[in-house]
Each structure stands twice: as structure tokens, then as C-alpha cells.
Amino acid sequence: MWKYTRVWIQLTKNAFSATLSNRLDAAGYFLGKLIRFIFFILLIQGLFRYTKSLVGYSESEVLLFFLTFNLVDVGAQAFFRGIYNFSGEIKRGSFDFLLMRPINTLFYVMTKSTDLLDFLFLIPIVHLTVTTIGRLPHPVHLSNVFTYVLFICISLIIVMGIHIFTAALTIRTVENENIIWLYRECMTIGRFPPEIFPRKVQFIFTYIVPVLVAVGFPVKALLGGVDIKFVLTTFVITILFFGGSIFFWKRNLKAYSSASS
Amino acid sequence: MKQYLQAFKYGVGYATAYRMRLLVWFLQGIVWIVALPFIWLTIYGSEENIAGFSKTLMITYFFCIPFVQSLTYHHVDYEIQEDIKNGHIINFILKPIGYLPYQFFVEIGYKMVDVIAPILTMILLYPMLRSFLALPHFSLELLWFIPVVVLGSILGFLISSIVGMVAFWTTRAEWASHLWWMVSTFVGGFVAPLEFFPETAKTIISYTPFPLLIDTPVSVLLGTISRGEIIHQVLFGGMWIIGLLLVTSFMYRRGIKRIEGIGI
């Protein structure tokens with residue numbers, strides 16, 4: 001455990017140095033993220049010019065869904081940015097060298113590019129989330145807040161599983177950098193309350209690609225819509241999905257054949 | 001001209017080389033068409049009309065976006081950035097082929113394949129969404145879609161090229177592509193029709209070429225734009241193309257003078 005912590009700290013230092021070596025690049029990326037974030041908030045506020053509620057949720061509750069999506073999505077990107085560069089490693093043949101290291105390859109691949117900008121971006125997201133929770137129409141109990149935080153941690157595990165699936169698929173196929181972008185498109189579904197979508201769509205994005213579990217369930221937990229069946233369903237989906245992703249990674253890793261290195 | 005035809009063939013070949021990528025494009029299109037219309041259906045609720053858009057018109061708007069986007073949005077900025085970073089652009093200085101025209105013809109070839117995925121998506125989803133759609137009947141007015149989308153495609157290519165050529169002046173230029181994508185998804189009409197924007201924002205955006213990327217071509221398809229307005233947009237787009245051609249030409253000439261082929 002201590003060995004992995006030391007490796008993660010060193011990889012993070014390297015990644016942060018690389019990010020800060022080109023400040024214009026970093027500022028441009030950060031500005032792009034901020035613009036998109038602000039535009040979406042303005043869009044949600046604009047939508048509520050035409051309606052008083054969205055499937056029974058108030059403006060602040062819908063905003064909370066969007067902010068929770070950002071917490072999970074940006075948090076996952078901050079830690080697992082390495083997956084976005086993984087296909088390049090395989091094409092260049094440098095993945096072979098990662099396989100020879102005395103450390104879990106999946107851990108190395110996922111954590112080698114910890115994103116400083118996403119960590120910084122989490123600051124306004126967390127601030128806005130806390131502010132929005134304070135503005136909810138009904139008071140929120142402390143126990144619900146703890147449940148919310150617990151569900152966010154579970155969401156990060158689910159999203160980690162999605163990243164592992166894409167990494168495993170990357171090993172099997174060659175031109176596949178847009179697989180991770182398919183995941184990002186699927187997360188579009190998570191920006192809004194699940195009840196917006198028909199039951200079939202909800203089923204797909206709950207049990208097959210559990211995006212709604214990752215984003216919608218924490219908010220429902222905070223708003224008090226949690227019972228034991230809900231909690232058990234979440235745990236079962238998380239365990240099955242994450243376990244499946246690890247199994248899929250190991251199977252695909254066995255099938256890996258290097259082109260050259 | 002033969003070399004550009006070859007570039008076109010290369011673009012087609014590159015796009016069809018990997019079937020997994022085609023499948024992922026196809027799935028991406030489905031997610032988009034599925035997500036946003038339901039959000040808007042929920043917003044409409046029992047209302048039939050918001051900001052001049054009926055429910056069916058709004059759904060049809062998002063139904064058409066992947067098709068139009070596949071024609072007007074280009075990702076040549078990444079290619080140009082890679083070629084500048086790797087020094088491959090220097091090959092083009094020595095060859096009897098213009099670099100930007102070469103990239104243009106490669107993109108055209110790529111687009112010929114790129115457009116198949118959204119068309120398949122629309123064919124697949126049409127039976128399920130038929131009752132929500134207000135697709136136009138064929139009329140001569142629809143033919144205006146061709147010059148509008150051609151203009152939009154050329155504008156998209158020129159803007160993407162300008163973004164890519166930022167790499168002549170910076171070590172890494174992915175941030176420019178990222179910023180361009182973030183801004184264009186909103187001001188192009190990707191997330192919502194421009195009619196839903198505040199008046200000040202609409203006025204500012206109307207002076208930019210961005211509406212020609214998504215909003216105007218889709219409006220032509222839907223028949224929600226008058227012929228006079230279409231002609232105005234076409235002329236306006238033509239002026240922007242001339243301006244952007246001058247900018248790309250200037251940037252390319254200045255940028256090529258700066259390039260250093262270290263290690264090539």
C-alpha cells in the first residue's frame with residue numbers, strides 16, 4: 001500500500017510539472033472547462049424561464065443534479081486522466097514497458113496523468129454544490145449529507161469501472177480513442193434528473209451503463225429518497241459492474257500482443 | 001488536381017480503416033438524439049409552443065443535429081497540431097501540394113464516411129420518434145440546404161484550421177481546440193436553438209459565423225427560416241469565408257517561417 005502511495009505521489013508530481021510547464025496551455029484548458037460549466041448553468045437557469053419544475057424537481061434541485069454530475073465526472077477525470085492517453089501508449093509500443101514494471105499495470109495506466117486543472121476545477125464545483133444544497137427548498141439533514149458523500153464515493157468507483165472497461169477495449173482494438181468519448185456522451189444523460197427519460201432508457205443507463213446510478217442516486221439520497229432496497233441495489237450494481245470491469249481488463253490483458261516496442 | 005483527388009481517397013480510406021471507430025460514432029449519435037429531446041419534452045410539459053418552437057419542431061431540431069454536425073464540424077485542428085508538433089508539415093513545403101488544400105480534401109473524404117453514421121442513426125430511430133417529428137416535405141426551398149451546409153462546412157474547416165495553426169506559436173495547442181469546441185457547442189446551436197438565448201447574446205452571435213455551423217442549416221431543413229434570411233446568411237457566410245481565408249493564408253505563411261524541423 002505504501003509503495004503504491006509513493007508511486008502515485010511521484011506520478012502526480014510529474015504530471016503536475018508537465019501541466020505547469022506550459023502555462024498558456026493550462027490556462028486555455030481551464031478557461032474552456034469554465035466556459036462550458038458556466039454555459040450549462042446559464043442553460044439550466046434559462047430553461048426555468050419556461051417551466052417552474054422539471055419532473056417535479058425545482059431549479060436548485062436540477063442544478064444539484066448537474067453539479068453532482070460535475071463532481072463525479074471532474075473528480076474521475078482528475079484521478080484517471082491517464083486512460084485518455086492509453087491508446088497512444090499501445091500504438092507506440094510503450095505499453096510493453098509498463099507491463100514489465102513491478103507495479104499493477106492498471107493502477108499505473110490510470111493514475112500516471114493526474115490532472116491538476118481538474119483538481120483546481122473541483123474547487124468552484126464543490127463551493128457551488130455546498131451553496132446549492134443550502135438553497136434547496138426543503139431542509140437537508142446531516143445524515144442525508146453523509147449519505148450523499150458516501151454515494152459520491154460509490155459513484156467514483158462506478159466511473160472508475162467505466163474507465164477500466166474503456167482501457168480494456170483499447171487493448172483489443174487499435175483505433176479507438178473515441179471510446180472514452182462515448183462514455184463522456186453517455187454522461188450527458190446524467191446531467192439531468194433520471195425521471196426525464198423513458199423507463200427503457202433509464203433501465204439501460206442504470207443497469208448496463210450505470211451513469212444514472214453514478215449521478216442520480218447521490219442526489220436522490222441527499223433529497224431523502226433512499227430506502228434499504230435503494231441502497232442494496234446501488235451496492236449490488238457497483239460491485240457487479242466494478243468486478244466485471246476488472247475481470248474484463250484481465251481477460252483483455254491476456255489477449256494483448258505487442259506490435260513492437 | 002490528381003494529388004488532391006488522392007488526398008480525398010486517403011481521407012475515405014482513413015475513415016473506414018477501423019470498424020470499431022465507426023461503431024462508436026454510431027453509438028455516440030444515438031446517445032445525443034436520445035438525451036436532449038427528452039429533456040426538452042419534459043420542459044414543454046403541456047405547453048405546445050416555447051419561443052416560437054413547437055414540441056415537434058424542437059425534437060426534430062435535435063434529430064437533425066448529428067447529420068448537420070457531421071457535415072459542418074471538422075477536427076482538422078488536431079491533425080494540423082500533430083503535423084506541426086512532429087514536423088511532418090515540412091514535407092509539404094517541398095512537395096507540389098498545398099498543405100491546407102490537402103487537409104481540406106482529406107477532410108472531404110473523411111466526411112463522406114463520417115456522415116453515414118448519423119444517417120444510419122436517423123433511419124434506426126425514425127420509427128420510434130416518428131410521432132414526435134415534423135420533418136419537412138420535399139420542396140425547392142429545401143435545396144437551399146446545399147449551399148448553406150457547404151458554406152457551413154467551409155467555415156468549420158477554416159475555423160478549425162486557424163485553431164490548429166495556433167501550434168505554430170505555442171508548444172502545445174490542444175487548449176485552443178478544447179476552447180473552440182467548448183464555445184462552438186453553445187453558440188453554434190448544438191445545445192439549444194439560438195432563439196432560446198437572451199437577446200443580447202443572440203445579437204452578438206448573429207455577427208459571428210457560428211450559427212452557420214448548426215443553427216442555420218437545421219433551420220433550413222425545418223423550414224423555420226425565410227428565403228430572404230437564407231440569402232442574407234449565405235452572403236454573410238461568403239464574407240466570413242473571404243475574411244477567414246485571408247486569416248488562414250496569413251497565419252500559414254507566418255507560421256511556416258517560424259517552424260524549426262529539429263531532428264527531422
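Chain letters run A, B, ... following the sequence lines, proteins first, then strands; residues in each count from 1.
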Handout entry: Residue, of A:Phe205, A:Phe40, A:Phe48, that accumulates the most heavy atom pairs under 4.5 Å with chain B
Key = A:Phe40
Handout entry: From OG1 (B:Thr42) to CD1 (A:Ile196), nearest 0.5 Å
Key = 4.5 Å
Fill in the blank from the handout: Turns out that what part of A:Phe39 lies under 4.5 Å from chain B's heavy atoms comes down to both
Fill in the blank from the handout: By salt bridge (charged side-chain N to carboxylate O under 4.0 Å, His left out), B:Glu174 pairs with (sequence neighbours left out) B:Lys85, B:Arg172
Practice task
Return yes when atom NZ of A:Lys13 has more than 12 non-hydrogen atoms of other residues, nucleotides or ligands closer than 6.0 Å, and no otherwise.
Solution key: no
Practice task
Measure distances from A:Val55 to the heavy atoms of chain B and classify the residue's part below 4.5 Å as side chain, backbone, both or neither.
Solution key: both
Exercise for the section: Under 4.5 Å, heavy atom to heavy atom: which of residues 176-188 of chain B reach chain A? Give them by number, or say none. Expected result: B:His178, B:Leu179, B:Trp181, B:Met182, B:Val183, B:Thr185, B:Phe186
Completion exercise
With sequence neighbours left out, the residues meeting side-chain contact (heavy atoms from CB on, under 4.5 Å) with B:Thr121 are B:Phe26, B:Ile30, B:Ile33, B:Leu125
Problem - Neighbourhood of chain B inside residues 30-38 of chain A, taking heavy atoms under 4.5 Å as contact - result: A:Leu31, A:Gly32, A:Lys33, A:Ile35, A:Arg36
